[in-house]
Amino acid sequence: SMTAATKDGNVTFLFVTLDWSPAIPDVTKLQGDWETEWLIESGKQLAAQDGFSGLLFQIKGDTFVVAERKPDGEKTEVDTGRIEINSTADPKTIDFIDRNHPNKRSLGIYELKHGVLRVCLVDTGGMDAPPGERFPEAKPVKRPTSFESPAGSNILLMEFHRKSDN
């Protein structure tokens, strides 16, 4: 089932399950462990010389964990929280909701083709929260409409493949 227990014991439902829309197959297809093929941030591809060896991205139910792999093989957890997807939108949308700041959303789009997951998202969030709950430093954020990361855009473009077992 598509439920996820939260820390306080309440159960949260992934919103796409409520109307039994065609969105459900994507939720199932996105489950599991992914790792980056490449990552572009504001037009610049991050590489080992930047101290970056890739991201590990795990989806379980409607929760996600992102960890960064360091060149020495160490992993550090970067972000964790909940995802909401809408696979009936065009392009399909994915929101990352921060575990510690539920009003902070990273707005993104995704596509899943031939086992490759592409995600494009705005690096900062917060403006979708109701007035009074916004982060003061948040700038107005619009969801990306295409899979591009122009220089100075604060947009992350990532391509993932399924993590192999080795």
Side-chain angles (χ1 to χ4, degrees), residues 14-16 22-23 25-27 29-59 62-72 74-163:
L14 186 58
F15 81 107
V16 290
D26 269 7
V27 176
K29 285 183 216 156
L30 292 172
Q31 298 294 309
D33 296 301
W34 300 84
E35 56 190 340
T36 42
E37 208 50 72
W38 44 259
L39 185 152
I40 297 170
E41 185 174 32
S42 301
K44 181 182 191 302
Q45 184 153 349
L46 296 189
Q49 59 263 31
D50 307 309
F52 178 80
S53 290
L55 291 180
L56 302 171
F57 177 41
Q58 182 183 66
I59 300 177
D62 66 346
T63 61
F64 74 90
V65 177
V66 175
E68 187 173 333
R69 196 196 290 270
K70 300 290 183 194
D72 62 7
E74 286 293 306
K75 292 180 211 162
T76 54
E77 194 170 288
V78 180
D79 200 6
T80 175
R82 199 165 56 80
I83 57 165
E84 284 183 358
I85 70 167
N86 179 354
S87 59
T88 57
D90 184 21
K92 297 174 177 185
T93 65
I94 185 166
D95 291 3
F96 294 86
I97 299 141
D98 192 297
R99 181 182 64 185
N100 301 319
H101 304 97
N103 294 321
K104 188 173 180 183
R105 277 178 186 254
S106 297
L107 304 178
I109 55 177
Y110 76 95
E111 77 178 3
L112 184 58
K113 273 189 192 156
H114 313 300
V116 173
L117 173 63
R118 281 208 296 171
V119 177
C120 185
L121 62 92
V122 183
D123 217 356
T124 52
M127 291 307 279
D128 272 11
E133 295 177 22
R134 289 180 184 159
F135 294 92
E137 74 277 11
K139 301 178 190 128
V141 167
K142 286 199 175 83
R143 185 185 303 281
T145 53
S146 61
F147 292 91
E148 297 172 303
S149 170
S153 64
N154 246 24
I155 290 177
L156 287 176
L157 178 60
M158 300 167 279
E159 188 168 291
F160 295 92
H161 59 267
R162 283 217 177 268
K163 188 174 179 304

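On a predicted model such as this, the values are computed, not experimentally measured, just so you know.
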Could you walk me through whether F160 and E37 pass the side-chain contact (heavy atoms from CB on, under 4.5 Å) test, one step at a time? CA-CA 5 Å; F160 295 92; E37 208 50 72; over 6 Å; no

Please determine whether side-chain contact (heavy atoms from CB on, under 4.5 Å) holds for the pair L121 and I94, giving the CA-CA distance in whole Å, both sets of side-chain angles, and the decisive distance to 0.1 Å. CA-CA 8 Å; L121 62 92; I94 185 166; 5.7 Å; no

Spacing of R118 atom CZ and L157 atom CG [to the nearest 0.5 Å]: 6.5 Å

Check: T93 side chain, I85 main-chain N or O, donor-acceptor pair, under 3.5 Å: no

Nearest 0.5 Å, please: how far is CD in Q58 from OG1 in T63? 7.5 Å

How far does CD of E159 sit from CH2 of W34, to the nearest 0.5 angstrom? 10.5 Å

Verify side-chain contact (heavy atoms from CB on, under 4.5 Å) between M158 and L117, making sure each step is shown before the conclusion. CA-CA 8 Å; M158 300 167 279; L117 173 63; over 6 Å; no

Set of side-chain contact (heavy atoms from CB on, under 4.5 Å) partners for D79, sequence neighbours left out: F64, V66, D98

Using only atom types and a distance under 3.5 Å, with no angle test, would you say the side chain of T36 pairs donor to acceptor with the backbone of L55? yes

If I take atom OG1 from residue T80 and atom CG from residue N100, how far apart are they, to the nearest 0.5 angstrom? 8.5 Å

Any side-chain to backbone donor/acceptor pair from R143 onto G108? Under 3.5 Å, distance only. yes

Please enumerate all residues that pass side-chain contact (heavy atoms from CB on, under 4.5 Å) together with T145, with sequence neighbours excluded. none

For R69, what residues pass the salt bridge (Lys or Arg N to Asp or Glu O under 4.0 Å) criterion, not counting sequence neighbours? E35

So which atom in I109 and which in P144 form the shortest heavy-atom distance, rounded to 0.1 Å? CG2-O, 3.3 Å

Could you check whether any side-chain N or O of S149 sits under 3.5 Å from a backbone N or O of L156, counting only pairs where one atom can act as donor and the other as acceptor? no

